[in-house]
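These notes concern the structure reproduced below.
We're numbering straight along the sequence, starting at 1.
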Amino acid sequence: MMNKNTTEQKIIKAADKLFTQKGYAATKTREIAEEAETNLALLNYYFGSKEKLYKKVVQEKFRILLGAIGPVMWDETIPLEDKIRLITENYTKLLIENEELPIFILNELTINKELFKEITENARLIAQPVIEKQLKERNIEMTASHLIVNILSLTIFPFVAKPLIISSGLVKKEEFVDFVSERKEKILEWITATIKK
């Protein structure tokens with residue numbers, strides 16, 4: 001018999017795949033159990049309900065998303081330019097590997113605003129003073145909020161708008177990864193130009 005962690009992880013991975021493909025309402029717990037190569041009784045034993053499993057999947061996705069930037073933002077020893085570069089690189093890599101992540105998280109935030117409130121508030125309370133201090137030390141007239149939103153929007157938007165970007169012919173589907181990888185370097189240039197003093 002599998003150990004608890006392996007079974008739980010297989011269920012979470014299967015649920016993640018099906019929720020992403022079909023959405024919450026259309027996904028049945030029996031399908032998740034089949035995808036995880038386990039039985040319904042074990043799924044219910046570990047998670048209790050589809051709703052609890054869904055919350056676990058969403059929180060795990062958000063943990064991954066926040067984990068790509070949180071430690072960089074609140075590290076006082078990392079200079080601003082390096083923060084911009086690392087956040088852009090980390091997010092681009094993460095989103096190339098998990099393109100559905102931003103839409104999934106945005107949908108969840110629309111439906112359930114409280115789901116991430118504590119996590120995001122804690123991250124902001126730690127990171128914002130560090131970035132504000134670094135901006136002030138450089139006499140840069142920009143708030144931490146504007147800097148963070150600029151970095152995230154320039155990095156994440158192409159992934160959110162991928163269907164539009166491809167259907168409009170701006171970028172071919174097979175060139176999308178090269179496009180966002182090239183943008184990663186440009187974003188550093190664009191934002192660094194706005195904070196140089």
Are Lys17 and Glu35 close enough for a salt bridge, meaning some N to O gap below 4.0 Å? yes
Tell me whether Lys133 is salt-bridged to Glu137, with the criterion being a basic N under 4.0 Å from an acidic carboxylate O. yes
Distance-minimising heavy-atom pair for Gln128 and Ser145: NE2-OG, 3.6 Å
CE (Met73) and CD1 (Ile151) are apart, to the nearest 0.5 Å, by 8.5 Å
Kindly indicate whether the side chain of Lys172, heavy atoms from C-beta on, has any atom under 4.5 Å from the side chain of Ile166. no
Working for side-chain contact (heavy atoms from CB on, under 4.5 Å), residues Ile87 and Leu152: CA-CA 8 Å; Ile87 290 168; Leu152 296 182; 4.3 Å; yes
Atom pair OG1 (Thr88) and NZ (Lys186), whose distance is rounded to the nearest 0.5 Å: 14.0 Å
Minimum-distance pair of heavy atoms, taken over all atoms of Lys83 and Ile78: NZ-O, 3.0 Å
Considering only NZ, NE, NH1 and NH2 on the basic side and carboxylate oxygens on the acidic side, decide whether Glu51 and Lys55 come within less than 4.0 Å. yes
Going by heavy atoms in the side chains, are Arg183 and Leu154 under 4.5 Å from each other? yes
Kindly indicate whether the side chain of Leu43, heavy atoms from C-beta on, has any atom under 4.5 Å from the side chain of Asn39. no
For Ile126, the hydrophobic cluster (side chain heavy atoms closer than 4.5 Å, chained through members) also holds Trp74
Applying side-chain contact (heavy atoms from CB on, under 4.5 Å) to Leu53 and Tyr46, what does each step give before you reach the verdict? CA-CA 9 Å; Leu53 176 55; Tyr46 287 124; over 6 Å; no
Side-chain touch Thr155/Ile187, heavy atoms, less than 4.5 angstrom: yes
Using the side-chain contact (heavy atoms from CB on, under 4.5 Å) rule, take Ile96 and Phe159 through it: C-alpha gap first, then chi angles, then the decisive distance, then the call. CA-CA 8 Å; Ile96 285 171; Phe159 293 93; 4.0 Å; yes
Least distance between heavy atoms, Ile32 atom then Ala14 atom: O-CB, 3.7 Å
Find the distance between OH (Tyr91) and CD1 (Ile156) and round it off to the nearest 0.5 Å. 5.0 Å
Heavy-atom side-chain contact between Leu147 and Ile140 under 4.5 Å: no
Can we say Arg85 and Asp82 salt-bridge, meaning some charged N sits less than 4.0 Å from an Asp/Glu carboxylate O? yes
For Phe176, is the NZ or CZ atom of Lys162 found under 6.0 angstrom from the centre of its six-membered ring and inside 45 degrees of the ring axis? yes
In this structure, CD1 of Ile11 is separated from CD of Glu37 (nearest 0.5 Å) by 12.0 Å
Any donor-acceptor pair under 3.5 Å from Thr92 side chain to Glu89 backbone: no
Rounding to 0.5 Å, atoms CG (Leu18) and CD (Glu34) come to a distance of 9.5 Å
Within one Ile-Leu-Val-Met-Phe-Trp-Tyr cluster: Leu86 and Ile148, side-chain cutoff 4.5 Å: yes
Please report the shortest heavy-atom distance between Gln134 and Asp75, naming the atom on each side. NE2-O, 4.5 Å
Pairwise side-chain contact, Glu60 with Asp16, heavy-atom cut-off 4.5 Å (strictly under): no
Please evaluate residues Lys93 and Glu97 with respect to the criterion salt bridge (Lys or Arg N to Asp or Glu O under 4.0 Å), reporting the C-alpha separation (whole Å), side-chain torsions for both, the decisive distance (0.1 Å), and the verdict. CA-CA 6 Å; Lys93 181 178 184 297; Glu97 294 167 2; 3.0 Å; yes
Same apolar cluster: Val171 and Phe157, side chain cutoff 4.5 Å: no
Does Thr143 form a side-chain contact (heavy atoms from CB on, under 4.5 Å) with Leu135? I'd like the steps, not just the answer. CA-CA 8 Å; Thr143 64; Leu135 289 165; 5.7 Å; no
Does Lys10 reach the side chain of Lys13, with side-chain heavy atoms less than 4.5 Å apart? no
Under 4.5 Å between side-chain heavy atoms, counting indirect links through other Ile/Leu/Val/Met/Phe/Trp/Tyr residues: same cluster for Leu95 and Val149 or not? no
Ile165-Val177 co-clustered via ILVMFWY side chain contacts under 4.5 Å: yes
On a heavy-atom basis, which atom in Leu40 and which in Ala33 lie closest, and how many Å separate them? N-CB, 3.9 Å
Measure the shortest side-chain to side-chain distance between Lys56 and Ile12 over non-hydrogen atoms and say whether it is less than 4.5 angstrom. yes
Heavy-atom pair of closest approach, residues Ser153 and Pro158: O-CD, 4.3 Å
Same cluster (ILVMFWY, side-chain, under 4.5 Å), Ile84 and Val130: no
Give, for atom NZ of Lys28 and atom NZ of Lys22, the distance between the pair rounded to the nearest 0.5 Å. 7.5 Å
